[in-house]
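It should be emphasised that the depicted structure is a prediction, and the values quoted were computed from it without experimental measurement. Each ligand, and each atom within it, is numbered from 1 in the order the structure gives.
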Amino acid sequence: MTSQKTAVVILAAGQGTRMKSSLPKVLHPIGNRAMVLHVLDIVGNVAPDLTVVVLGDGMDPVRDVVAPAQVAVQSPPLGTAHAVLAARDALEGFDGDVIVAFADTPLITQETLQHLLDRRRADDDPAVVVLGFRPDDPAQYGRLVVGKKGRLKAIVEYNDASPEERTINLCNSGLMAIDGKHCLKLLDAIGNENAKQEYYLTDIVEIARAQGLTCAVIEASPEEVMGVNTRNDLAVAEGIFQARRRRAVMAAGATMIDPDTVYLSADTQIGRDVTVGPNVVFGSGVTVEDGVTIEAFCHLEGAHIASGAKIGPYARLRPGADIREDAKIGNFVEVKKSVVGKGSKASHLTYIGDAQVGEEVNIGAGTITVNYDGFNKHVTQIGDGAFIGSNTSLVAPIKIGDGGFVAAGSTVTADVEEDAMVVERSQRRDIAKGAARFRAKNARKAGKD
Ligand code: UD1
Ligand code: CA
């Protein structure tokens, strides 16, 4: 009987004043991804026919982040019901189910959204289904008033609740599914006679009941529906997100030696039989193929690590680091915008930037690709099988041919031919017994004092 079409309206127009930030609240990141994008991703999984993100005035940065999603502007923000009505044009004539989600409730799961829809479509056909939860501390959340038959009778905002209503521990997550046939009519009936003089979406329940419609409630875990209103909430949400992601990474076949100390980003991809040591940070854009070992205290961002590679301890991979199969990047090695070819090794104390390093190359301790002259960045190319001795500066642009050998301590400013050996050091001077004479002279001086 009910249509199976789904629309999602994501509310993101609120000022988020409690964050005390010049950044719109919904752009604050969790796992290095804006909160609003978490919500967009998750709702995408229930295959909506229509998705609208409601933004406030002057939220152009948010518009850019959510593109190409459809955007409606609520100006000024006069409450959550008023916000849904900002999407009126999109909802006019839509008779499927309308899910309202909050951009500041980013930990919601696909399963729960599906559960909400399934309940909306159940045989008793409730006009509104609200997602409730029972937090340890109900704080300022709206309270759900449920009748004897388990039907939802009202949602009371904290500021408007009586002391008795405040003792209810079943709270409003803000998420709901509304029968599209009634949606706009119900929203239009909502007024603003309340403590905050806002148009509360929560009033939809009493209004639906007054029109002879029924409302239902389902419950989710408090973790999933916690709202982010303050910086502290943001940190709590991050913690929940990290714990989830770590479990997912381990479930997919990676070992984490001390998972609680590893930071993951929303887009981190980690393969099977990868071992991650303690205190590793995965910034955004990191992909790790199967069989990689990442030892303790590495910092990785925008990097791709191919199978069998060994990273760390204490390595730093910056954006554009492309570490190929079985390569080794050791302690205090920094790699930026460079390919390190298959089987190549930079085991200690090295900077590799804007470089193309071939296969089976050995890069000694203290090697530096001198890539920057204060104006431009220059490329270093190192051919297959080359050997770069320790404490070497390769002043780019420069090319070391296949099999080339740069002796330790060299500062190389011109290309090195294939299989050639280059030694760039100043002439050595040996002074026979010079040290002994130096010591004797100083000892005599000391005796006179
Ligand atoms: C809301 C609910 C409350 C619930 C809580 C759960 C209402 C009236 N109250 O309160 O019952 O327990 O969420 O977290 O719905 N927004 C707009 N335009 C506006 C106002 C808000 O788009 O004019 C958006 C915000 O950006 C945010 C969401 O709606 O994403 C919730 O707004 P917020 O002000 O945080 O509501 P709460 O006070 O938390
Ligand atoms: Ca909120």
Side-chain angles (χ1 to χ4, degrees), residues 8-19 21 23-28 30 34-40 43 52-59 62-63 66 71-87 99-108 128 130-135 137-145 152 154-161 165-166 168-176 178 187 190-207 217 219-220 222-234 236-237:
V8 183
V9 181
I10 299 174
L11 305 191
Q15 314 252 282
T17 46
R18 285 169 278 178
M19 294 295 281
S21 176
L23 187 70
K25 174 164 80 172
V26 299
L27 290 190
H28 281 263
I30 290 174
M35 275 196 267
V36 64
L37 289 183
H38 283 266
V39 178
L40 260 178
V43 304
V52 185
V53 184
V54 178
L55 303 180
D57 251 344
M59 283 198 179
V62 187
R63 189 187 282 268
V66 302
V71 162
V73 175
Q74 181 202 17
S75 170
L78 298 178
T80 44
H82 184 252
V84 183
L85 282 171
I99 292 181
V100 178
F102 287 179
D104 74 348
T105 306
L107 299 174
I108 187 74
V128 178
V130 172
L131 183 63
F133 68 114
R134 297 179 194 272
D137 175 13
Q140 311 253 321
Y141 287 113
R143 306 297 206 263
L144 301 186
V145 182
L152 183 59
I155 307 176
V156 190
E157 283 305 282
Y158 179 82
N159 288 322
D160 302 290
E165 285 166 336
R166 286 183 184 178
I168 298 173
N169 77 338
L170 181 59
C171 293
N172 176 29
S173 71
L175 270 87
M176 58 177 77
I178 308 167
L187 292 171
I190 293 174
N192 68 345
E193 298 84 40
N194 52 53
K196 283 193 180 169
Q197 296 204 308
E198 283 186 1
Y199 295 86
Y200 287 165
L201 178 59
T202 47
D203 286 349
I204 196 171
V205 171
E206 279 179 283
I207 287 171
V217 56
E219 292 186 35
E223 282 209 339
E224 225 184 279
V225 293
M226 70 163 291
V228 175
N229 297 309
T230 62
R231 303 268 183 170
N232 189 62
D233 294 339
L234 185 68
V236 171

Answer yes or no: does an N/O atom from [X] fall short of 3.5 Å to an N/O atom of ligand 1?
X	answer
T80	yes
A83	no
G142	yes
G14	yes

**Request:** Kindly give the atom name of the N, O or S atom of D104 closest to the Ca ion (ligand 2).
**Result:** OD2
**Message:** Below 4.0 Å from ligand 1: does a non-hydrogen atom of Q74 turn up there or not?
**Reply:** yes
**Message:** Yes or no: does M226 have any heavy atom under 4.0 Å from an atom of ligand 1?
**Reply:** no
Looking only at protein heavy atoms, which one is nearest to [atom], and how far off is it?
atom	answer
atom 5 (C) of ligand 1	N172 O, 3.9 Å
atom 22 (O) of ligand 1	A13 N, 2.8 Å
atom 24 (C) of ligand 1	L11 CB, 3.6 Å
atom 33 (P) of ligand 1	D104 OD2, 4.4 Å
atom 14 (O) of ligand 1	Y141 CE2, 3.7 Å
atom 39 (O) of ligand 1	N229 OD1, 3.9 Å
atom 1 (C) of ligand 1	F102 CE1, 3.7 Å

Using a 4.0 Å cutoff against the non-hydrogen atoms of [X], which atoms of ligand 1 qualify?
X	value
L78	23 (O)
K25	35 (O)
S173	6 (C), 14 (O)
T202	7 (C), 8 (C), 11 (O), 15 (O)
A103	30 (O)

**Prompt:** Nearest heavy atom to atom 10 (O) of ligand 1: which of R18, K196, R143, E157 does it belong to?
**Reply:** E157
**Request:** Compare G79, A72, C171 and give the one whose heavy atom is closest to atom 20 (C) of ligand 1.
**Result:** G79
**Message:** If we count only non-hydrogen protein atoms and require a distance under 4.0 Å, does atom 36 (O) of ligand 1 qualify as touching the protein?
**Reply:** no
Just by distance, do the side chain of [X] and the backbone of [Y] share a donor-acceptor pair under 3.5 Å?
X	Y	answer
H28	L234	no
E157	Y141	no
R18	N229	no

Hey, are the side chains of [X] and [Y] touching, using non-hydrogen atoms and a 4.5 Å cut-off?
X	Y	answer
L78	N192	no
P135	D137	no
M35	K25	yes

**Request:** For side chain to side chain contact (heavy atoms under 4.5 Å, CB included), just list the numbers for I10 and F102, CA-CA rounded to whole Å, side-chain angles, deciding distance to a tenth of an Å, and then say yes or no.
**Result:** CA-CA 5 Å; I10 299 174; F102 287 179; over 6 Å; no
**Under 3.5 Å side-chain donor-acceptor pair for H82 and E198** = no
**Message:** Can you tell me which portion of V225 lies within the under-4.0 Å heavy-atom range of ligand 1? Options are side chain, backbone, both, or neither.
**Reply:** neither
**Request:** Using 3.0 Å as a strict upper limit, say whether an N, O or S atom of N229 approaches the Ca ion (ligand 2) that closely.
**Result:** yes
**Message:** Going by side-chain contact (heavy atoms from CB on, under 4.5 Å), V84 matches just one of I190, I204, L201, V52. Which one?
**Reply:** L201
